[in-house]
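Worksheet: one structure, shown below.
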Amino acid sequence: MLKKPTMFENAPAERITLFADVILPLPIPKLFTYRIPFELNEIVQVGARVIVQFGNKKVLTAVIAKLHQTPPQHYQAKYILELLDTEPIVTFKQIELFQWLADYYLCSIGEVLNVALPSGMKITSQSMIELNPNATWENIELSEKEEKLLQLLKEKKTLSYNEAAVFLELKNIYHIIKSLSQKELIIVYEEVKERYQPKKVKKIRLTRDYLDKADLEKLFKYLEQRESKQLDVLLLYLRNVPVFRDWTLNENGLEKSIFRSNPHISNSSLETLIKNGVFEEFEVIVSRFADIQPADSYELKLTSEQSEVVDKIMDLFAEKDTVLLHGITGSGKTEIYIDLIQKVLESGSQVLYLLPEIALTTQIVARLRKIFGDKMGVYHSKFSDNERVEVWKGVVQQKFSFVVGVRSAVFLPFDNLGLIIVDEEHEPSYKQQEPAPRYHARDVAVMIAHLQHAKVLLGSATPAVETYYNAQIGKYGFVALRKRYGNAQMPEIELVDMKEQRKQKKIRQNYSEPLLQHIQETIQKQEQVILFQNRRGYSPYLNCVDCGWIPKCSNCNVSLVYHQHAGELRCHYCGFKMATPQTCFACGSTKMKSVGYGTEKLEDDLKLLLPNARIRRMDLDTTRQKNAYQNLIQEFEAGQIDVLVGTQMISKGLDFDKVSLVGIFDTDRLLYFADFRSQERAFQLLTQVSGRAGRRETQGKVIVQTNNPENHTLQKIKNNNYESFYQEEILEREKYHYPPFSRLIRIAIKHREKDYAQDAALCLAELLREKLGKPRVLGPEAPLIDRVRNQYIKHILIKLEREKTNLKPVKHFIAQQCQKVMLDKRFKSVQVVIDVDPI
DNA sequence: AGCACGCCGACT
DNA sequence: GTCGGCGTGCTC
């Protein structure tokens, strides 16, 4: 796939010494130079993985970024220990991309590599100790702990540092290890663990001795005479592998599991045959995706409007690299994608189709699988690491020309991309939060397309304001799809004024009268209801009636969320849990009331209000187990559930024909969130959720409960008027210099001590202002939740003009200042986290 | 990041 | 005297 650099193509007469600059998966902003052993000269390539020793003993996987003949000036380069790939697993273009990511998102190229490679392709070593077999410890004085450790080693043979530390109940085990290894009683070594395990299948075949008609018949007679059970084994084998017809069939053998699954065959007879040398066992490596069938021949039928859109997109691609497809929910964007994917694949290029995490369900995968069969790879975080490695290798080996995947799929080693589709491009889950690089997959997709001369199609019913702006100013091409598929109608959205309802005392447990009524009617019609409340748990906090005390997390500055079913209070930020207190910790009162409501309470209350309805809840808490999500969806699809209460989990990618009512709670919390994107978010989320109501023939109904029915954004959601929402929003953005009119960089300063965080933040802000100017640097400011996991947090926000041409030096400057503050002794190693284009 | 190593204070 | 706490510097 990749050509070796030409200068090494003709092997020179004299041996040359090659050096490799490698990327290590560490947050160190430079490449490290290792020496290539001569015997590898002819086969090393840029993009291959190597194993190197780093530091005193640590052994790591690195990727070769550059090959050259320049020996390092100031140090002796170590040898590469092992070359893991004879073909590159990372392309030249990717290394270029990694560097771009590191520069753009202000992190090291090693951090990029670290998130790019599936962990199964990286190895790390672990320090191990074992007894020195030649040791004599008669005349050696030992401390108690040393004695204890040696005793344990006698039993266990080997121990990792950590195991030893746990056993000795010591935090610092280093002294003991050092002392023992100096006395030559133990050996310290590094154990390398390769995490990727190819899937192996155990198989059985006849040994050479029986690959002959006469011999087999002799065996038959013998077994028949004795009425041996082994005869069944042999017959089963011959039925599946008709060696009499073709002796070479034996080579491939038969899977051992086939014998196992046959109830008439006992395992011991098979084992006896193996023991007696009739059969032999062997293993083969198989693909984890081996059982995937090739595609059916599939005729995609597009509506005339859909084919028009396809044509228009193709036309636009002639002049624009990126096109935005603005298609309302249920307008059939997927068919358009499929048609385009087929076209691009036919032209011989690769395609990447990105979806947000939650939308990438088995439903869509199954549908695509029917069409693209084994040409398609799936890259999902729910997949095991081994599976991810196989998709990666499949792309390298050109086995997959098309991959559907989540955010991290942008790192797959394509070298000939024709098209990247980013569906639901506005989704915040495309932005990585932790760890660095904090990249946005949509923006990375645009960059990859640029590097590979590919095209990008962004799709959304509610595009990000930045994206829509780019389409408006002509940077992106633009196509709209304004009709629902099959002429289905958009749902009717009703805003219920909760202030009025409250006055008239018509609210029962957070359910307004109209909502409750509609729920009942819908169930009566045997149709389904989705209720949306973007808050899990029973209630956001408990409150002592007598003294007002609220249980808070001891590690974070938030109240603990009440989870009634689990009988617990939980922190949603650090995972802290405690049993629900029966009495107030402050005054001892037994009157603790729950305040506010989450999905759990909505579910419980509705069960009381409508005892005959079948009500289920879908949120993080009910879908944590492996198949819980899938099971819930199947039940709902099968009509075994009337009402599904859920968080945003229910807003994505689920299309159910029988849902005719959607209820939305606590709308005001979304609308009045203190963030410049709150209106956009609310518009997107509520439109998305509303879109679940009514498909095909029936018009759906959406009931939005709010205290502010006159809110502009709500009105625009009601009228399904994205355009008008955008026009209003873009003016605000311009007025206050927010994206797309500026670029944002947010710096978070974290420290255990509040004062250190504050002082460091102040100092950093000052340093930044010196050069960037006062108005460009905002803060430091405490975020809404200013302490998480015992770390105090301060935010600095930098606004840079979009037109600023020399972005690179500015970013470099910012990174430098952050580095300075981090290393400043006054601030006791504060943590500084840079987030470029925060969302 | 991880680790070696050094210096300091607090315990058996 | 050990033990454990950091702080610091380095890794080809």
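Below, read A as the first sequence line, B as the second, and so on, with proteins coming before strands; counting in each chain starts at 1. Being a predicted model, the structure only gives us computed values, none of them experimental.
- Taking a cutoff of 4.0 Å between a charged side-chain nitrogen and a carboxylate oxygen, A/Asp835 and A/Arg438 do not qualify as a salt bridge.
- Atom CD1 in A/Ile36 sits roughly 15 Å away from atom P in C/dC12 (whole-Å rounding).
- A/Ile177 places its CD1 atom 13 Å from the C1' atom of B/dC3, with the value rounded to the nearest Å.
- Between A/Tyr34 and C/dC12 there is a side-chain N or O to OP1 or OP2 distance below 4.0 Å.
- The CG-P distance, from A/Asp21 to C/dT11, rounds to 16 Å in whole Å.
- Taking atom CG on A/Leu26 and atom P on C/dT11, their separation rounds to 14 Å, with Å as the unit.
- Put simply, A/Lys58 has no side-chain N or O that comes within less than 4.0 Å of OP1 or OP2 on B/dG2.
- Across the protein-nucleic acid pair, A/Phe54 atom CZ and C/dG9 atom C1' stand 12 Å apart, rounded to whole Å.
- Straight-line distance from the CG atom of A/Asn114 to the P atom of B/dG2: 9 Å, rounded to whole Å.
- Of all nucleotides listed (B/dA4, B/dC3, C/dC12), B/dA4 comes nearest to the side chain of A/Asn56.
- Here A/Lys794 does not pair with A/Asp759 in a salt bridge; the nearest charged N to carboxylate O distance is not below 4.0 Å.
- Ion pair A/Asp103/A/Lys808 flagged as a salt bridge, since at least one NZ, NE, NH1 or NH2 atom sits closer than 4.0 Å to an Asp/Glu carboxylate oxygen.
- Among the nucleotides C/dT11, C/dC12, B/dA4, the one closest to the side chain of A/Lys57 is B/dA4.
- A salt bridge does not link A/Glu466 with A/Arg442: none of the charged nitrogens is closer than 4.0 Å to a carboxylate oxygen.
- Counting any heavy atom pair closer than 4.0 Å across all strands shown, A/Leu24 reaches no nucleic acid atom.
- The CD atom of A/Gln53 sits 17 Å away from the P atom of B/dG2 (whole-angstrom rounding).
- Separating the CD1 atom of A/Ile28 from the P atom of B/dG2 is a distance of 11 Å, rounded to the nearest angstrom.
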